Amino acid sequence: MVSSAGALLLAASEFLPAQSGIVPKGTRVEVFQRIFTVFLVLGTLVGVVVIGYMVYNAYKYRDGDGRATEDEGPRLGELPTGGGGGRKLFFSFGLSTIIVVSLIAWTYGTLLYVEENPPGEGEEGLEIDVVGYRFGWDFVYPNGHTSSTLRVPENETVHLRVTSEDVFHTFGVPELRVKTDAIPGQRTDTWFRTNETGTYEARCFELCGAGHSYMTADVVVMDAEAYESWYANTTSANGSASNSSALLGPGDAVAPGDGATSLANANALEVGA
């Protein structure tokens with residue numbers, strides 16, 4: 001029964017993306033914003049109906065001049081009347097079931113799209129390896145260049161292949177709605193796409209040691225031309241930006257309290273622990 005339901009939802013999810021407007025498409029931020037909006041609107045409507053019906057009945061059956069003297073409540077052992085023989089209960093239960101099942105199917109199809117059908121699927125996108133370690137991140141580009149700062153172009157789908165070299169970590173960029181596990185010896189895939197330039201913060205969301213709070217990295221979304229210019233000046237000979245600030249690519253300078261400084265503080269905490 002469960003497998004049949006799962007197969008039905010999977011088939012529905014494959015059909016829904018073909019329908020314009022049913023399953024939201026776009027960046028992860030846009031997709032999750034649409035899900036949030038749908039849940040917010042439905043939750044508000046349900047709240048209004050429930051509270052409105054409760055206030056209506058409280059007013060209708062209030063004690064005082066507005067209630068007829070002969071309108072007495074049921075006595076002990078008597079069944080209340082006015083329920084319509086269970087029709088109201090059946091109608092409300094059936095309507096609730098339809099709404100909940102539809103919402104689950106729509107959400108499931110949307111999340112499948114987010115995980116399996118990023119924008120630009122089938123097109124050549126940017127692939128970057130992400131390696132977590134205590135307590136920092138290395139970003140390895142296709143040409144071998146390694147940096148502690150993730151630089152990507154706007155309006156391009158970025159595919160991340162995430163792993164760890166020591167313990168379990170979780171790579172996440174809250175503002176871009178990106179989150180996936182970094183597991184030693186395994187690789188997890190995720191993607192994101194941004195429509196505007198800016199700087200975001202990547203963090204580790206898996207408690208991994210005394211320096212866990214220092215395990216951050218900048219995610220810089222650049223103009224396409226600026227990114228191409230920056231990337232053209234990077235080579236594998238630049239080495240790892242997390243190991244030496246002298247080997248950073250153009251514009252990858254480590255700010256006080258970040259990068260190498262934070263890593264040194266984290267290592268000191270780990271030794272002290």
Side-chain angles (χ1 to χ4, degrees), residues 9-10 13-14 16-18 20-38 106-133 136-165 168-206 215-228 230-231 234:
L9 288 175
L10 181 59
S13 67
E14 293 176 352
L16 288 174
S20 176
I22 297 180
V23 170
K25 298 182 179 181
T27 66
R28 299 176 73 102
V29 175
E30 294 169 345
V31 171
F32 282 105
Q33 182 62 40
R34 181 71 63 85
I35 294 176
F36 172 79
T37 301
V38 169
W106 177 80
T107 305
Y108 183 73
T110 301
L111 293 179
L112 277 184
Y113 163 77
V114 171
E115 296 300 328
E116 299 181 1
N117 299 286
E121 187 74 9
E123 301 176 1
E124 184 177 356
L126 177 61
E127 294 186 353
I128 300 176
D129 291 330
V130 181
V131 182
Y133 60 91
W137 301 98
D138 277 342
F139 305 100
V140 184
Y141 291 81
N143 65 352
H145 174 69
T146 303
S147 174
S148 61
T149 298
L150 177 60
R151 296 180 179 273
V152 298
E154 64 175 336
N155 294 322
E156 184 173 341
T157 303
V158 180
H159 300 269
L160 302 179
R161 299 176 296 189
V162 185
T163 188
S164 170
E165 65 179 25
F168 277 53
H169 302 285
T170 298
F171 177 82
V173 186
E175 293 177 281
L176 301 179
R177 307 298 189 268
V178 179
K179 190 176 183 182
T180 190
D181 291 330
I183 304 173
Q186 297 185 28
R187 190 192 78 180
T188 59
D189 299 320
T190 188
W191 64 272
F192 68 92
R193 184 187 183 100
T194 58
N195 294 328
E196 58 182 15
T197 60
T199 301
Y200 308 92
E201 184 181 60
R203 303 188 62 87
C204 176
F205 290 87
E206 185 85 23
M215 195 167 172
T216 63
D218 287 334
V219 179
V220 181
V221 180
M222 308 172 65
D223 177 79
E225 294 183 359
Y227 174 81
E228 291 295 337
W230 169 82
Y231 187 72
T234 63

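What you are looking at is a predicted structure, and each value in this text was computed from that prediction instead of being measured. Values reported hereafter were calculated over all heavy atoms of this structure, with side chains retained and with hydrogens, waters and symmetry mates removed.
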*Which pair of heavy atoms, one from W137 and one from V130, lies closest together, and at what distance?*
CE3-CG1, 3.7 Å
Side-chain donor-acceptor pairs under 3.5 Å in residues 169-184, sequence neighbours left out?
unit_1	atom_1	unit_2	atom_2	d
H169	NE2	D166	OD1	2.9
T170	OG1	D181	OD1	3.1
T170	OG1	E206	OE1	3.3
R177	NH1	P174	O	2.8
R177	NH1	E175	O	3.4
T180	OG1	T188	OG1	3.1

*Output all residues satisfying side-chain contact (heavy atoms from CB on, under 4.5 Å) with Q33, sequence neighbours left out; order by chain, then residue number.*
F36, T37
*Of all the heavy-atom pairs spanning P153 and T194, show the shortest one and how long it is.*
O-OG1, 4.5 Å
*Side chain D218, main chain T199, donor-acceptor under 3.5 Å*: no
_Using only atom types and a distance under 3.5 Å, with no angle test, would you say the side chain of Y141 pairs donor to acceptor with the backbone of R151?_
yes
_Closest non-hydrogen atom pair between R161 and E127, with its separation_ = NH1-OE1, 3.5 Å
*Give the minimum heavy-atom separation between N155 and R193, together with the two atoms involved.*
O-NH2, 3.0 Å
*Please list, chain by chain and in numerical order, all residues satisfying side-chain contact (heavy atoms from CB on, under 4.5 Å) with V140, sequence neighbours excluded.*
D129, T146
*Could you tell me which residues satisfy side-chain contact (heavy atoms from CB on, under 4.5 Å) with A224, sequence neighbours excluded, listed by chain and number?*
none
*Y200 versus L150: any side-chain heavy-atom pair under 4.5 Å?*
no
*Counterpart residues, side chain to side chain donor-acceptor pair (under 3.5 Å), relative to D189 (two or more places apart)*: R187
*Do you know the tightest heavy-atom contact between A217 and S148?*
CB-O, 3.5 Å
*Nearest 0.5 Å please: distance from the CD atom of Q186 over to the OG1 atom of T163.*
8.0 Å
_Partners meeting ring pair (Phe, Tyr, Trp, His ring centres under 6.0 Å) with Y231 (sequence neighbours left out)_ = Y227
*E228 CD to M222 CE distance, which is reported to the nearest 0.5 Å*: 10.0 Å
*Provide the closest heavy-atom pair for F139 versus T149 in the form atom of the first, atom of the second, distance.*
CD1-C, 3.7 Å
*Any side-chain heavy atom of I35 sitting closer than 4.5 Å to one from L111?*
yes
